[in-house]
Amino acid sequence: MGIQIAPSILTADFARLADEAAAVSNADWLHVDVMDNHFVPNLTLGLPIVESLAKAAAQPLDCHLMIEDPDRWAPGYVEAGASSVTFHAEACRAPIRTAREIRAKGARAALALKPATPIEPYEDILAEFDMILIMTVEPGFGGQKFLDVCVPKIRRTRDLIAKHGLDLWIEIDGGISTETIERCAEAGADVFVAGSAVYNADDPNTMVEKLRTLAADVTTH
Ligand SMILES: O=C(CO)[C@@H](O)[C@H](O)COP(=O)(O)O
Ligand SMILES: [Fe+2]
């Protein structure tokens with residue numbers, strides 16, 4: 001599949017989401033951060049807006065659920081039109097069941113890990129997922145500084161995927177910019193979320209291509 005860029009609409013203008021999606025027409029995905037003010041100290045949007053955006057945007061939606069009780073809510077995001085649904089390991093009580101429900105409804109299932117959550121406890125259930133999302137900031141807000149301490153986990157995750165002969169994508173999210181994307185691509189990431197770097201750029205689409213080129217030039221796997 002190669003390098004994929006997923007602009008996060010968290011830094012976009014929420015009153016003009018359809019236009020903001022069109023402004024990143026070169027992007028592979030539109031990353032939608034769902035926050036419930038419980039799992040993270042911030043509140044964004046939920047099912048009705050995802051349903052409208054799925055109809056209005058040309059790109060598939062990559063929904064990142066930063067919510068409590070994803071077991072209950074995650075399958076509904078597929079019904080709302082998401083093509084990929086990511087839930088947090090720290091919030092989930094039944095990751096295998098929830099991943100299977102997401103897949104059964106026709107979307108990609110992904111497991112997200114906060115910076116201090118290791119990948120190793122999930123080694124035996126990697127095959128239940130299409131993607132692992134490794135957070136490179138504490139979830140909750142856009143525009144935070146990239147946490148370098150998360151890079152070794154990208155590498156270890158890529159090694160575990162190879163060890164089991166699996167075909168999972170590794171997505172990274174938080175503080176991704178022209179300064180930080182290359183070290184993540186080198187470590188084995190292939191899907192890159194970027195919010196402030198893309199939406200604060202003079203031309204969001206040009207930034208998408210710049211990020212894609214930087215990552216592609218150093219990718220080894
Ligand atoms: O999930 C989150 C934040 O919790 C992200 O998707 C951010 O929206 C990324 O924003 P930048 O760090 O790229 O500005
Ligand atoms: Fe996100």
Side-chain angles (χ1 to χ4, degrees), residues 3-14 17 20-21 23-24 27-46 49-50 53 57 59-68 70 73-74 77 82-92 107-117 131-151 153-154 169-185 189-202 204-205 207-208 210-212 214-215:
I3 298 299
Q4 300 174 70
I5 307 293
S8 162
I9 57 161
L10 193 56
T11 312
D13 180 348
F14 273 30
L17 284 179
E20 296 282 62
V24 291
D28 303 279
W29 297 88
L30 209 55
H31 183 85
V32 180
D33 290 307
V34 177
M35 303 184 187
D36 67 351
N37 198 31
H38 290 275
F39 181 68
V40 289
N42 197 3
L43 185 66
T44 54
L45 52 85
I49 293 179
V50 167
L53 190 56
Q59 307 91 335
L61 300 191
D62 170 35
C63 281
H64 176 193
L65 307 184
M66 284 161 276
I67 60 172
E68 296 290 359
W73 295 104
Y77 281 85
S83 299
S84 174
V85 177
T86 302
F87 56 86
H88 269 265
E90 304 84 359
C92 189
R108 298 175 64 85
L111 184 72
L113 306 174
K114 290 168 71 173
T117 305
M131 181 169 83
I132 303 296
L133 190 170
I134 296 177
M135 293 297 304
T136 41
V137 298
E138 291 292 354
F141 301 93
Q144 300 182 76
K145 192 174 177 321
F146 179 81
L147 294 173
D148 249 316
V149 291
C150 300
V151 175
K153 184 162 57 182
I154 302 173
W169 298 344
I170 299 178
E171 180 173 58
I172 49 159
D173 185 6
I176 300 305
S177 68
T178 53
E179 301 290 307
T180 56
I181 194 166
E182 288 165 290
R183 67 191 92 156
C184 298
D190 41 22
V191 186
F192 300 86
V193 177
S196 48
V198 167
Y199 277 107
N200 291 341
D202 290 339
N205 248 344
M207 180 55 71
V208 166
K210 202 180 254 182
L211 291 170
R212 192 192 303 284
L214 284 171

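Read the numbers this way: they start at 1 and go in the same order the structure lists the ligands and their atoms.
- Close to ligand 1: Gly175, with a non-hydrogen atom less than 4.0 angstrom away.
- Using a 4.0 angstrom heavy-atom cutoff, Asp33 counts as in contact with ligand 1.
- For ligand 1, the polar-atom distance check finds an N/O of Ser196 within less than 3.5 Å of one of the ligand's N/O atoms.
- Gln144 places a side-chain N or O within 3.5 Å of a backbone atom of Phe141 that can act as its donor or acceptor partner.
- Using a 4.0 Å cut-off between heavy atoms, Ser8 contacts ligand 1 through its side chain alone, with no backbone atom that close.
- Between His88 and Phe39, the ring planes are tilted. Angles from 30° to 60° get that label.
- Taking all atoms of both residues into account, the shortest heavy-atom contact from Glu20 to Tyr199 is O-OH, 2.7 Å.
- Looking at ligand 1, you won't find any N or O of Val137 less than 3.5 Å from one of its N or O atoms.
- Here CG of Leu30 is found 5.0 Å from CD of Gln59. Values are rounded to the nearest 0.5 Å.
- Rounded to 10°, the angle formed at the Fe ion (ligand 2) by Asp33 OD1 and His64 ND1 is 90°.
- Annotation: Val193 places no N or O atom under 3.5 Å from an N or O atom of ligand 1; distance criterion only.
- Taking a 4.0 Å cut-off on heavy atoms, Glu138 fails to register as neighbouring ligand 1.
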